[in-house]
Amino acid sequence: MTALAKIVHTAPEIDAEPDLTDGFHLVIDALKLNGIETIYGVPGIPITDLGRMAQAEGLRVISFRHEQHAGNAAAIAGFLTKKPGICLTVSAPGFLNGLTALANATTNCFPMILISGSSEREIVDLQQGDYEEMDQLAIAKPLCKAAFRVLHAADIGIGVARAIRAACSGRPGGVYLDLPAKLFAQVMDAEAGRNSLVKVIDPAPAQRPAPDAIKRALDVLRSARRPLIVLGKGAAYAQADDAIRALVETSGIPYVPMSMAKGLLPDTHPLSAGAARSTALKDSDVVLLIGARLNWLLSHGKGKTWGEPGSTKFIQIDIEPREMDSNVEIVAPVVGDIGSCVQALLDGMGQGWQQPPSDWIDTLKAKREANIAKMAPKLMSNASPMTFHAALGALRTIVKERPDAILVNEGANTLDLARGIIDMYQPRKRLDVGTWGIMGIGMGFAVAAAVETGKPVLCVEGDSAFGFSGMEVETICRYGLPVCIVVFNNNGIYRGTDADPTGRDPATTVFVKDSRYDKMMEAFGGDGYHVTTPDELTRAVNAAMDSGRPALINAVIDPAAGSESGNIGSLNPQSGIKRKV
Ligand code: ADP
Ligand code: TPW
Ligand code: MG
């Protein structure tokens with residue numbers, strides 16, 4: 001019996017049915033008032049009824065098999081929609097399972113709210129051993145952008161509003177909202193409850209750049225002989241697609257997309273220098289960063305990826321002022337939201353803008369064409385077992401023919417090679433391991449991509465990567481989502497050929513040989529396929545995507561084809577002593 005019903009039943013002396021509400025309903029009403037339509041989570045004490053009631057009240061509640069995947073779903077829902085994705089977990093262990101996703105969302109600047117039930121404050125604080133006792137607020141705090149706890153039903157409206165504003169405004173990120181069990185049952189007058197709710201007005205206010213910052217940036221850009229634009233996932237998140245395209249085309253400056261910014265302009269655009277990335281970064285003299293941090297993914301703006309020290313000037317557009325000078329000097333910081341900043345640059349370019357010298361454009365074009373030509377034969381190989389390149393060559397054609405499908409991608413070789421080989425044509429269609437290179441985002445991202453956009457989803461997964469979230473194929477089947485998973489099965493992590501030198505156990509990087517991941521999908525009523533050639537792969541993916549049904553294609557890849565850590569093998573520390581492993 002719900003708390004509300006109990007009150008109605010046990011209060012016969014009140015003539016008219018009292019118009020009451022409670023913590024459960026206030027949380028749901030607060031979310032609905034703020035346009036939240038979907039909750040991702042795992043039920044249990046004390047939030048089982050919250051999920052049930054939310055569903056009854058018209059919210060979509062997507063139940064997962066593990067909180068990390070629900071959290072990843074919420075995070076990518078935030079990236080795709082600019083509204084915070086909501087993840088709902090039970091206390092202590094469920095909360096901790098969700099926390100990885102919350103931290104990852106914060107690292108990637110995705111707006112997300114982890115709402116977790118928790119045990120009673122009095123008992124937790126005296127450490128008296130409550131059911132699933134844990135000081136969750138204290139643990140969450142260093143791992144997210146903001147953390148709040150609500151103790152009184154009358155404060156739920158404010159608590160939810162603060163969480164939404166914290167997640168979306170400025171640099172987006174993960175927010176933790178702690179709701180102790182007792183809160184849900186608290187009852188209050190319904191009208192007072194309604195009045196306590198807050199609709200967040202303008203959760204991510206425009207932040208217009210200062211005119212002198214724009215002038216400074218344009219002066220630097222004008223002085224460039226070899227300018228380059230780097231588009232990051234912040235640019236994809238900002239949904240300023242038309243302005244960004246206009247900036248590239250009006251300025252005539254070539255651009256390199258970071259992984260999740262691919263497709264913001266089609267990878268086939270004449271100004272895309274994606275296929276000439278190394279040359280573009282190394283030889284550019286002025287780089288305009290738009291929603292991309294100079295972190296490890298851009299070699300911190302220095303070293304051999306870039307030209308001689310001091311030869312590259314950086315202009316940076318970012319909403320977070322403290323991002324400026326984080327790794328190297330930013331000669332023209334432009335602080336503001338990307339839509340406003342890009343528009344201000346465009347306005348400032350005016351009529352008399354001089355496009356970059358043609359020798360720079362021609363150099364990049366030649367490099368790009370040479371790289372594409374070098375790659376082409378590898379993509380056509382019909383060898384069996386398949387190489388990564390041949391399998392990805394097949395998928396590349398499929399994505400070209402289905403540009404509105406969302407591509408989810410994780411693994412090592414499977415990730416790095418897919419990023420380079422598969423062209424993207426539309427914004428926010430490529431979702432991957434992001435700033436941390438985290439494995440396990442696959443099925444969570446796939447579920448949310450399908451639920452939030454209604455578009456077909458193609459997951460390209462290393463066999464190891466898939467294993468981190470593989471149980472969620474049941475979730476995909478349960479909700480009947482149009483998700484086609486291709487597992488690049490090379491029998492292991494990076495390769496399937498390692499052996500334990502002592503001969504006792506399997507090597508640390510290998511899995512059961514010739515596993516049939518397709519059977520996992522069949523176990524839950526989805527379609528399984530087993531393929532060994534690019535032609536079979538093409539046929540299977542097309543059949544699966546045409547059907548719109550959940551499908552898993554076990555794609556046999558040469559176990560010897562991969563390289564250690566894909567293309568970031570150099571980050572592996574090398575032992576200082578010479579002993580053969
Ligand atoms: P990538 O990994 O693609 O290089 P990063 O995650 O490193 O991208 O960088 C994204 C950047 O975008 C962050 O520094 C973040 O502050 C910024 N950002 C996110 N949204 C906006 C926005 N609307 N306006 C301006 N900057 C934004
Ligand atoms: C949460 C370390 C990086 S890549 C990878 C692991 C385990 C799997 C690579 O094998 P896969 O790809 O997926 O089969 P392929 O094509 O090269 O064979 N734990 C977490 N995140 C990371 N990044 C790791 C471990 C890792
Ligand atoms: Mg593998």
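Atoms within a ligand are numbered from 1 in the order they appear, just like the ligands themselves.
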Participant: Please round to the nearest 0.5 Å and tell me the distance separating atom NE2 of H300 and atom CH2 of W296.
Facilitator: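 Taking NE2 in H300 and CH2 in W296, the distance rounds to 9.0 Å.
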Participant: Identify, for atom 5 (P) of ligand 1, the protein heavy atom at the shortest distance, and state residue, atom and that distance.
Facilitator: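 The closest one turns out to be R293 NE, 3.4 Å.
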Participant: Within ligand 1, which atoms have a heavy atom of Y237 less than 4.0 Å away?
Facilitator: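 Once the distances to Y237 are compared, the set is 20 (N).
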Participant: With atoms numbered from 1 as shown, which atoms in ligand 1 lie under 4.0 angstrom from a non-hydrogen atom of G336?
Facilitator: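 By the 4.0 Å cutoff, the relevant atoms are 24 (N), 25 (C).
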Participant: Minimum distance, heavy atoms only, to atom 23 (N) of ligand 1: which one of G173, A238, S259 is it?
Facilitator: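 Among G173, A238, S259, the closest heavy atom to atom 23 (N) of ligand 1 comes from A238.
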Participant: Return yes or no for this condition: an N or O of I319 is under 3.5 Å from an N or O of ligand 1.
Facilitator: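 Yes; at least one N/O pair falls below 3.5 Å.
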Participant: Using side-chain hydrogen bond (donor to acceptor under 3.5 Å, both in side chains), reason through E249 and H269 one step at a time and then give a plain yes or no.
Facilitator: CA-CA 10 Å; E249 291 179 347; H269 193 283; 2.7 Å; yes
Participant: Are more than 12 heavy atoms from other residues, nucleotides or ligands located less than 6.0 Å from atom CD1 of I201?
Facilitator: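 Not more than 12 within 6.0 Å, no.
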Participant: Taking 4.0 angstrom as the limit and counting only heavy atoms of M258, give me the atoms of ligand 1 inside it, by number and element.
Facilitator: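 Going through ligand 1 atom by atom, the ones under 4.0 Å from M258 are 3 (O), 4 (O).
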Participant: Identify whether the distance between the nearest side-chain nitrogen and carboxylate oxygen of E323 and R171 falls below 4.0 Å.
Facilitator: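 Yes.
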Participant: Using a 3.5 Å cut-off and no angle test, enumerate the donor-acceptor pairs between side-chain atoms of residues 487-496 and protein atoms at least two apart in sequence or in another chain.
Facilitator:
| from | atom 1 | to | atom 2 | distance (Å) |
| --- | --- | --- | --- | --- |
| N489 | OD1 | N491 | N | 3.1 |
| N489 | ND2 | S515 | O | 3.0 |
| N489 | ND2 | N554 | OD1 | 3.1 |
| N490 | OD1 | G492 | N | 3.4 |
| N490 | ND2 | Y494 | O | 3.3 |
| N491 | OD1 | D514 | N | 3.0 |
| Y494 | OH | S565 | OG | 3.3 |
| R495 | NH1 | G562 | O | 3.3 |

Participant: Quick check on contacts: which atoms of ligand 1 are under 4.0 angstrom from a heavy atom of G232?
Facilitator: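 So the atoms of ligand 1 that pass are 3 (O).
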Participant: List the atom of K82, the atom of P111, and the distance in Å for their closest heavy-atom pair.
Facilitator: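 It is C-CG, 4.5 Å.
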Participant: Is the shortest N/O to N/O distance between I338 and ligand 1 below 3.5 Å?
Facilitator: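 Yes, at least one N or O pair falls under 3.5 Å.
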Participant: What closest approach, in Å, do I164 and N34 show between heavy atoms, and which atom pair accounts for it?
Facilitator: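 It is CD1-CB, 3.4 Å.
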Participant: Show me a pair-per-line table, with atom names and distances to 0.1 Å, of protein N or O atoms that are under 3.5 Å from an N or O of ligand 2.
Facilitator:
| from | atom 1 | to | atom 2 | distance (Å) |
| --- | --- | --- | --- | --- |
| ligand 2 | 12 (O) | A412 | N | 3.2 |
| ligand 2 | 13 (O) | A465 | N | 2.9 |
| ligand 2 | 14 (O) | D463 | N | 3.2 |
| ligand 2 | 14 (O) | D463 | OD1 | 2.6 |
| ligand 2 | 14 (O) | S464 | N | 3.0 |
| ligand 2 | 14 (O) | G492 | O | 3.0 |
| ligand 2 | 16 (O) | T414 | N | 3.2 |
| ligand 2 | 16 (O) | T414 | OG1 | 2.6 |
| ligand 2 | 17 (O) | N413 | N | 2.8 |
| ligand 2 | 17 (O) | N413 | ND2 | 2.9 |
| ligand 2 | 18 (O) | N490 | OD1 | 3.2 |
| ligand 2 | 18 (O) | N490 | ND2 | 2.9 |
| ligand 2 | 18 (O) | G492 | O | 3.0 |
| ligand 2 | 18 (O) | Y494 | N | 3.1 |
| ligand 2 | 21 (N) | M439 | N | 3.1 |
| ligand 2 | 23 (N) | G437 | O | 2.8 |

Participant: What count do you get for protein N/O/S atoms less than 2.8 Å from the Mg ion (ligand 3)?
Facilitator: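 N, O or S atoms of the protein closer than 2.8 Å: 3.
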Participant: Measuring only between side-chain heavy atoms, which start at C-beta, is Q316 closer than 4.5 Å to V334?
Facilitator: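 No; the side chains remain at least 4.5 Å from each other.
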Participant: Hey, are D285 and K313 close enough for a salt bridge, meaning a charged N less than 4.0 Å from a carboxylate O?
Facilitator: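 Salt bridge between D285 and K313, a charged N being under 4.0 Å from a carboxylate O: no.
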Participant: Do D432 and V408 come within less than 4.5 Å of each other through their side chains, counting heavy atoms only?
Facilitator: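 They are not in contact (no side-chain heavy atoms under 4.5 Å apart), so the answer is no.
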Participant: Hey, does C109 sit under 4.0 Å from ligand 1 if you only count heavy atoms?
Facilitator: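 Yes, C109 has a heavy atom closer than 4.0 Å to ligand 1.
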Participant: Going by the atom numbers of ligand 1, which of them fall below 4.0 Å from some non-hydrogen atom of G291?
Facilitator: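 By the 4.0 Å cutoff, the relevant atoms are 8 (O), 9 (O), 10 (C), 11 (C), 12 (O).
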Participant: If you measure from the Lys or Arg side-chain nitrogens to the Asp or Glu carboxylate oxygens, is any gap between D241 and R245 under 4.0 Å?
Facilitator: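 No.
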Participant: Which residue supplies the protein heavy atom nearest to atom 15 (C) of ligand 1, what is that atom called, and how far is it?
Facilitator: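 Here the nearest protein heavy atom works out to D318 OD1, 3.5 Å.
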Participant: Keeping the roles fixed (side chain from R430, backbone from L407), state whether a donor-acceptor pair exists under 3.5 Å.
Facilitator: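 Looks like no, no N/O pair under 3.5 Å.
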Participant: Could you identify the single nearest non-hydrogen protein atom to atom 18 (N) of ligand 1 and state the distance to 0.1 Å?
Facilitator: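 Going atom by atom, the protein heavy atom closest to atom 18 (N) of ligand 1 ends up being G234 CA, 4.0 Å.
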Participant: Between D212 and K215, is there a salt bridge with N-O shorter than 4.0 Å?
Facilitator: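 No, no charged N to carboxylate O under 4.0 Å.
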Participant: Could you check which of K233, Q207, R322 puts a non-hydrogen atom nearest to atom 2 (O) of ligand 1?
Facilitator: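 The option holding the nearest heavy atom is K233.
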Participant: Which of the atoms in ligand 1, numbered in the order shown and given with their element, are less than 4.0 Å from a heavy-atom of R171?
Facilitator: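 Close to R171: 13 (C), 14 (O), 15 (C), 16 (O).
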Participant: My understanding is that only residues two or more places apart in sequence, or in another chain, count here; which of them pass side-chain contact (heavy atoms from CB on, under 4.5 Å) with D337?
Facilitator: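 Listed in chain order: A206, Q207, I319, S340.
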Participant: D337 versus ligand 1: do any nitrogen or oxygen atoms come within less than 3.5 Å of each other?
Facilitator: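 Such a contact does not occur with ligand 1.
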Participant: Starting at CD1 of I553, measure out to OH of Y517 and round the result to the nearest 0.5 Å.
Facilitator: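 Going from the CD1 atom of I553 to the OH atom of Y517 covers 15.5 Å.
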Participant: Show me which atoms of ligand 1 lie under 4.0 Å from any heavy atom of N295.
Facilitator: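 Here the atoms of ligand 1 in question are 7 (O).
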Participant: Taking D283 first and then R226, would you say they form a salt bridge - that is, a charged N and a carboxylate O separated by under 4.0 Å?
Facilitator: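 Answer for the salt bridge query: no.
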Participant: Return the minimal non-hydrogen interatomic distance between G301 and V328, and the atom names on each side.
Facilitator: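 Looking at all heavy atoms of both residues, the shortest contact is O-CG1, 3.8 Å.
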